[in-house]
Amino acid sequence: WDMTYDVVVIGGGFAGLAAAYSAVENGAETLLIDKMPVLGGNSQINGGVYASYTSNIADDMYTKLGLEPDTAEKHIEDTIIGGDYMGDVKLVRNFVYGAPFFLNMMLDNGLEVRESITRPGGHYGYRTYTTINGVGADIVQVQKKMLEATDATVMLNTKMTRIFREGGETGRVVGIEVETKDGAKYVKAEKGVILATGGFGGNVEMRSKHVPALTADIPTTNHVGATGEGIIMAQEVGANTTQMSYIQLYPFANPNNGVLDATAVIPFSGPSSGIVYVDENGQRYVNEGERRDVCSRAAQESGGFPTFSIFGQEIVDKGGFIAETQLSNGMKDDRIFKADSLEELAQIISDHQYAGNTINMTGETLKETIERHNEFVENGSDPEFGKVIDKGVMLKIDKGPYYAIPQWPSVHHTMGGLTITERTEVQDIWGEVIPGLYAAGEVTGGVHGTNRLGSNAIPDAAVHGYIAGQVAVTGTVPDF
Ligand code: ADP
């Protein structure tokens with residue numbers, strides 16, 4: 001061996017940073033590696049939306065916003081239903097109950113959030129917080145700062161290439177091989193190896209093996225390092241995988257390149273405030289309060305390309321989830337269109353090209369759609385698509401200026417991955433725990449079922465990372 005640590009964490013996203021922090025907190029000599037030149041992975045470029053049924057700032061926020069407080073039971077129920085009952089209720093309970101703990105820890109260490117709690121697609125309780133800039137990097141920064149203040153070692157440009165397990169069916173994982181700029185190195189892990197290597201949405205061969213339709217033609221929101229080899233390496237030492245064919249498309253990515261930029265977060269947080277999605281003709285095509293898989297499929301079946309989010313100034317002012325920088329940068333980059341009337345907005349939409357395509361949306365149709373939707377908001381019911389409308393919370397779109405954001409589905413989250421116990425221990429194909437091997441975050445499978453609700457990813461990754469760090473060192477689980 002070239003190096004020896006108590007705990008070796010692979011991957012520096014939400015899950016790995018939380019795991020390393022909790023391992024050190026529990027007294028372990030800890031190494032965190034990442035193959036990329038920077039920490040953060042997909043976490044860094046995620047939308048910064050975080051579901052938590054309560055928090056230290058919740059009471060004030062609910063009162064100020066006039067919203068009903070949420071419960072853990074409702075969060076669990078929505079998550080299980082949102083994944084068609086295919087999620088693992090033990091793991092869902094873990095992250096739902098752990099979500100406030102981790103959010104409070106971030107807030108105590110300087111995380112700033114927007115003055116809003118929203119109810120995005122598939123959530124029927126107000127529980128989604130948005131970081132101040134609407135990006136996951138806001139949370140990664142806090143996690144990095146906290147880890148830097150410990151004596152954990154961080155090695156970048158260091159790629160895990162193999163996991164070592166002692167012989168026999170009950171053998172222990174004892175360390176890993178890494179590739180560095182100085183060649184291969186062997187790292188011993190006395191107490192545990194924690195895999196936090198993320199998903200495989202950026203690996204066309206691997207994803208299309210499980211879902212043949214997800215060819216190279218379909219864009220992805222993922223960073224280039226989301227290639228899933230952590231899953232394969234774990235399989236080589238006997239680990240089991242589950243639900244590998246459940247792959248989520250993010251319905252609101254940039255139609256020109258598939259990227260989930262800061263602008264693309266607005267359509268996601270917007271449904272409870274009254275954002276309306278229209279197809280290329282200016283007509284609604286889905287219940288905006290629906291899950292990501294439903295919204296993505298509806299867009300693909302809308303008959304045109306792309307679709308659009310439409311909103312007015314009142315949603316910007318009162319919704320509370322759109323940062324000033326998101327709006328101004330979006331307009332500067334021509335990602336957000338602004339106009340004084342809906343007719344003019346339809347004209348601007350039609351004046352643009354989308355991945356080389358042109359469309360022809362008439363102002364008349366767009367106006368008709370929005371006026372009809374305003375009536376639904378007024379009446380508190382949506383006979384067209386059955387959206388749940390909370391009167392007094394959802395806003396009409398009847399005051400300019402008006403805004404539009406083009407959007408299209410892009411490969412986002414791989415719900416499948418390694419099977420783990422509620423203690424984050426990786427299991428073999430017989431369901432037995434592989435001693436010394438733990439996993440947390442997108443590398444794991446079966447947590448969410450067929451479809452992960454938006455804003456559940458950060459609590460899942462961070463809370464399970466936190467659990468893994470403690471279990472590896474002490475054998476006990478945190479009491480959230
Ligand atoms: P999560 O949200 O589950 O924490 P992320 O995608 O944010 O997932 O983070 C996963 C991290 O793991 C990324 O920064 C990625 O570069 C890193 N990673 C993936 N595979 C390897 C590997 N083989 N060796 C080292 N780091 C890896």
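Computed from a prediction, not measured in an experiment: that's the story for all the values here. Note that ligands are numbered from 1 as they come in the structure, with each ligand's atoms numbered from 1 the same way. Values reported hereafter were calculated over all heavy atoms of this structure, with side chains retained and with hydrogens, waters and symmetry mates removed.
Taking any N or O of Met36, backbone or side chain, none lies under 3.5 Å from an N or O belonging to ligand 1. Below 3.5 Å of separation, one finds an N or O of Ala15 facing an N or O of ligand 1. Distances between N or O atoms of Phe14 and those of ligand 1 include at least one value under 3.5 Å.
Summarising the local packing, CD of Glu115 is surrounded by 12 or fewer heavy atoms from other residues, nucleotides or ligands at distances under 6.0 Å. Within a 6.0 Å sphere centred on CD of Glu68, other residues, nucleotides and ligands contribute 12 heavy atoms or fewer. Within a 6.0 Å sphere centred on CG of Asp84, other residues, nucleotides and ligands contribute more than 12 heavy atoms.
Put simply, the residue from Tyr85, Phe95, Tyr246 that forms a ring pair (Phe, Tyr, Trp, His ring centres under 6.0 Å) with His448 is Phe95. Residue Met36 is tested with Asn157, Thr158, Val224 for a side chain to side chain contact (heavy atoms under 4.5 Å, CB included); the sole match is Val224.
Aromatic rings of Phe101 and Phe480 (six-membered ring for Trp) have centroids within the 6.0 Å cut-off, being under it.
Asn42 N, 3.6 Å is the protein heavy atom nearest to atom 5 (P) of ligand 1. The single protein non-hydrogen atom nearest to atom 24 (N) of ligand 1 is Met160 N, 2.9 Å, given as residue, atom name and distance. Here the protein heavy atom with the shortest distance to atom 19 (C) of ligand 1 is Thr197 O, 3.3 Å. When only non-hydrogen protein atoms are considered, atom 14 (O) of ligand 1 lies nearest to Asp34 OD2, 2.5 Å. Closest to atom 1 (P) of ligand 1 among all protein heavy atoms lies Ser43 OG, 3.9 Å. For atom 8 (O) of ligand 1, the nearest protein heavy atom (residue, atom name, distance) is Gly198 CA, 3.5 Å.
In this structure, Phe164 and Trp1 have perpendicular ring planes: the angle between them is above 60°, well past the 30° mark. Ring orientation note: the planes of Tyr466 and Tyr21 are tilted relative to one another, at an angle of 30° to 60°. Taking the six-membered ring where the residue is Trp, Phe311 and Tyr403 present parallel rings, their angle staying beneath 30° rather than reaching 60°.
Short contacts between ligand 1 and Glu442, defined as distances under 4.0 Å to a heavy atom of the residue, involve ligand atoms 3 (O). Close contacts of ligand 1 with Gly12, meaning ligand atoms under 4.0 Å from a residue heavy atom, involve 11 (C). Residue contact check: Ile10 has heavy atoms under 4.0 Å from atoms 24 (N), 25 (C), 26 (N) of ligand 1. Those atoms of ligand 1 with a heavy atom of Gly11 less than 4.0 angstrom away are 11 (C), 12 (O), 17 (C). For ligand 1, the atoms sitting less than 4.0 Å from at least one non-hydrogen atom of Gly441 are 3 (O), numbered in the order shown with element in parentheses. Of all atoms in ligand 1, listed by their number and element, those nearer than 4.0 Å to a heavy atom of Gly13 are 4 (O), 7 (O), 9 (O).
Partners of Pro219 under the side-chain contact (heavy atoms from CB on, under 4.5 Å) rule, at least two apart in sequence or in another chain, are Ser410.
Geometrically, Arg423 does not engage Tyr438 in a cation-pi contact defined by less than 6.0 Å to the ring centre and at most 45° from the axis. With Phe200 as the aromatic partner, Arg207 does not meet the cation-pi criteria of under 6.0 angstrom to the ring centre and within 45 degrees of the ring axis.
In this structure, Ala226 falls outside the shell of residues with a heavy atom less than 4.0 angstrom from ligand 1. The shell of residues lying under 4.0 angstrom from ligand 1, judged by heavy atoms, excludes Gly230. Ligand 1 lies less than 4.0 angstrom from a heavy atom belonging to Thr158. For the pair Gly40 and ligand 1, a heavy-atom separation below 4.0 Å is found.
Counting only N and O atoms by type, the side chains of Asn240 and Asp428 include no donor and acceptor under 3.5 Å apart.
Across His223, Gln143, His413, Lys35, heavy-atom proximity to atom 26 (N) of ligand 1 is greatest for Lys35. Summarising the contacts of atom 21 (C) of ligand 1 with Lys159, Gln44, Glu229, the nearest heavy atom is found in Glu229.
Looking at Ala196 against ligand 1, only its backbone comes within 4.0 Å, counting heavy atoms.
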